[in-house]
Trainee: 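Got a structure for you, written out below as structure tokens; questions coming shortly.
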Amino acid sequence: MGKQDGRERQVTVGVIDSSTAPILHVDMDAFFASVELLDHPELVGKPVIVGHNSPRSIVTAATYEARKFGVNSALPMAIALRRCPQAIILEPHYERYQHYSKQVFSICDELTPAVERLGIDEAFLDVSGARSLFGSPQQVAELLRARVRAETGLVCSVGAAATKYVAKVASGLSKPDGLLVIPRDETVAFLHPLPINKLWGVGAKTEEVLRARGFSTIGQIAHADVDTLRRAVGDSGARRLHDLAWGRDDRVVHAGAEEKSVGHEVTFSTDVTDAGDLRRELLRLSNMVAVRLRRHGVLTRTVVLKLRYDDFTTITRSRTIAEPTDLGKIVYDEVRSILESEWAGRPVRLIGVRGEQLVHPDGVAPALWDDAADWREAESVMDAASDRFGRGAVRPAALLGHRATERPRLGQRD
DNA sequence: TCTGGGGTCCTAGGACCC
DNA sequence: TCTGGGGTCCTAGGACCC
């Protein structure tokens, strides 16, 4: 499905001058679900849901056949199955998605050096310098879509516009399997009839606030009284929404942006009240964070513990440490000590560890003596062993013998 | 209907320094 | 004795996005 839509749109843009629309937004269609269908061709055309089939799970991705029943990402699995009982549920396979993601991004990289990744299945491209090699923005977009389809078997949608924001809206409206070009001088006419939730940064809460004040379209935001808007969403929010509503967005495509934090968290299948269980999970998460820090070659200055209690209230407690670290033991010592001062026995639904304020080792003065040297050596050995024998091949002794009982009862794995 | 896991950005208050 | 304003860092929470 969607093929016809795509073809019609390509025809409608065939006569358009796309030279004023050099920012492309590429978005894979139903990405995880589509990858699963490559591995299960017999399920093509059926309602397929990707996600864990357990009580506290949510839908990770759904095919368009499943979406017809009102099944979308982030919907609780229980509700999804009520809406679409015949749906086929597939467990996610993140390594597969990563693999296809790399393929798609490397196609992008071959078309322009200005590629900014957004998560696993989206990117912005600035193709203003690609004209002599590959043609107009529209021609680059068509080439990109054709190559993605030919080389991966997957389908993507592309929006082309003068700004990132408009390109993103355009790709969304062209889905599935579409291409939509919005030349600069058509920007305002394109935006103004759209509903306010198409504004970047307007989610459920802000939409409610804006609707309560009588705003329902982007055009109304554009022509709004500034003070009314300011009272609704604050000073900077008002300015941002007003600019977006006129298509003003000066953010450039930023290639090679670095991550600003790394974290892991897990929701237990049943709430946890045992301190030992929490500590063991904390150790596991701390080590996962540390592995990623070392892999990125960065150190964290601020360690964050996150707890969600049984009533869904969520707290975060952070601590900035004297000596930035990439060691699981140091991260663990910090979050465990925060847990001890913060947690009084309330049932815990979710626990998480995050490292913020990432710095490069060169940016900090090397310590004259290094107490952590032994630990660094030990954990490097573990990294090497994990690379050779697979994740989980080596783990701290405190986690040994607990695997069956203390692994998260609802995790990324089956 | 009951809510995952990975992130980013913004706000706001308090500490601290000049 | 009572009183400034600006700048920066740290912390906590919340909205939002994919």
Side-chain angles (χ1 to χ4, degrees), chain A residues 25-32 49-62 70-83 91-92 94 97-98 101 116-124 164-165 168-169 171-172 175 197-210 233-241 251 254 257-269 285 288-289 292 301-322 338 342 349-358 408-413:
Chain A
H25 181 257
V26 184
D27 199 342
M28 302 302 294
D29 295 339
F31 182 51
F32 293 1
I49 296 174
V50 180
H52 300 287
N53 190 6
S54 50
R56 286 184 170 179
S57 286
I58 50 89
V59 172
T60 302
V71 174
N72 284 296
S73 307
L75 188 74
M77 193 63 85
I79 302 167
L81 284 176
R82 226 164 293 154
R83 290 188 188 172
E91 290 290 324
Y94 293 98
Y97 313 147
Q98 209 66 56
S101 174
E116 177 180 337
R117 301 180 48 150
L118 271 99
I120 197 168
D121 70 336
E122 284 182 37
F124 284 110
K164 282 174 143 184
Y165 164 60
K168 184 166 168 59
V169 175
S171 73
K175 276 179 174 295
N197 62 8
K198 289 277 189 293
L199 282 166
W200 226 12
V202 174
K205 302 275 180 185
T206 311
E207 180 178 1
E208 204 177 312
V209 169
L210 290 172
V233 296
D235 216 11
S236 78
R239 219 172 317 128
R240 195 170 39 84
L241 294 190
R251 294 168 304 166
H254 185 44
E258 288 191 18
E259 274 155 318
K260 295 182 173 165
S261 69
V262 293
H264 288 282
E265 60 188 54
V266 65
T267 297
F268 299 108
S269 61
L285 295 169
M288 288 169 70
V289 167
R292 296 212 6 236
R301 289 189 61 223
T302 303
V303 174
V304 188
L305 170 72
K306 177 173 171 179
L307 291 175
R308 175 168 291 153
Y309 297 115
D310 52 350
D311 66 352
F312 227 74
T313 59
T314 307
I315 65 159
T316 60
R317 293 291 178 267
S318 63
R319 196 175 282 174
T320 297
I321 55 184
I338 300 174
E342 197 63 38
R349 177 192 177 93
L350 169 151
I351 192 164
V353 177
R354 175 163 294 277
E356 296 181 347
Q357 296 218 71
L358 308 185
R409 271 146 283 183
L410 175 99
Q412 302 95 311
R413 296 149 307 186

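Naming: A, B, ... by sequence-line order, numbering from 1 per chain.
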Trainee: Taking the side chain of A/Thr206 as heavy atoms from C-beta outward, which of C/dT11, C/dC16, B/dC2 is closest to it?
Mentor: C/dC16

Trainee: Taking atom P of B/dT3 as reference, at what distance in whole Å does atom CD1 of A/Ile58 sit?
Mentor: 11 Å

Trainee: Phosphate oxygens OP1/OP2 of B/dT8: is one of them under 4.0 Å from a side-chain N or O of A/Ser261?
Mentor: yes

Trainee: Using the P atom as the point on both nucleotides, what is the distance between C/dC18 and B/dC2, in whole Å?
Mentor: 26 Å

Trainee: According to a strict under-4.0 Å criterion, is A/His264 in side-chain N/O contact with OP1 or OP2 of B/dG5?
Mentor: no

Trainee: Let me know the distance between CG of A/Leu241 and P of C/dA15, rounded to the nearest Å.
Mentor: 15 Å

Trainee: Do any side-chain nitrogens or oxygens of A/Arg117 fall under 4.0 Å of OP1 or OP2 in C/dC18?
Mentor: no

Trainee: For B/dC10, does OP1 or OP2 lie under 4.0 Å from any side-chain N or O of A/Arg240?
Mentor: no

Trainee: Does a side-chain N or O of A/Gln357 approach OP1 or OP2 of C/dC9 to a distance below 4.0 Å, or not?
Mentor: no

Trainee: For C/dT11 and A/Thr320 - does any side-chain N or O of the residue sit under 4.0 Å from the phosphate oxygens OP1/OP2?
Mentor: yes

Trainee: Whole angstroms only, please: what is the CG-P distance between A/Leu350 and B/dG4?
Mentor: 8 Å

Trainee: In whole Å, I'd like the distance from the OH atom of A/Tyr94 to the C1' atom of B/dG6.
Mentor: 9 Å

Trainee: May I ask you to evaluate whether A/Arg308 reaches the phosphate of B/dG4, defined as a side-chain N or O under 4.0 Å from OP1 or OP2?
Mentor: yes

Trainee: What interatomic distance, in whole Å, is found between P of B/dT3 and the corresponding atom of C/dC17?
Mentor: 22 Å

Trainee: For the pair made of CG in A/Leu199 and P in C/dC17, what is the distance, rounded to whole Å?
Mentor: 10 Å

Trainee: Counting Watson-Crick and G-U wobble pairs only, both distances under 3.5 Å, name the nucleotide matched with B/dC16, or none.
Mentor: C/dG7

Trainee: Return the 5'-most residue of the pair A/Gly263, A/Arg349 with respect to DNA chain B, ranking by each residue's nearest nucleotide.
Mentor: A/Arg349

Trainee: Could you check how far CD of A/Glu342 sits from C1' of C/dG13, rounded to whole Å?
Mentor: 13 Å

Trainee: Please name all residues satisfying salt bridge (Lys or Arg N to Asp or Glu O under 4.0 Å) with A/Arg319, sequence neighbours left out, ordered by chain then number.
Mentor: A/Glu334

Trainee: Establish, with yes or no, whether the OP1 or OP2 oxygen of C/dC18 is under 4.0 angstrom from a side-chain nitrogen or oxygen of A/Ser73.
Mentor: no

Trainee: Is there a side-chain contact between A/Ser318 and the phosphate of C/dC10, meaning an N or O under 4.0 Å from OP1 or OP2?
Mentor: no

Trainee: Mapping A/Glu259 and A/Phe312 onto DNA chain B by nearest heavy atom, which one lands closer to the 5' end?
Mentor: A/Phe312

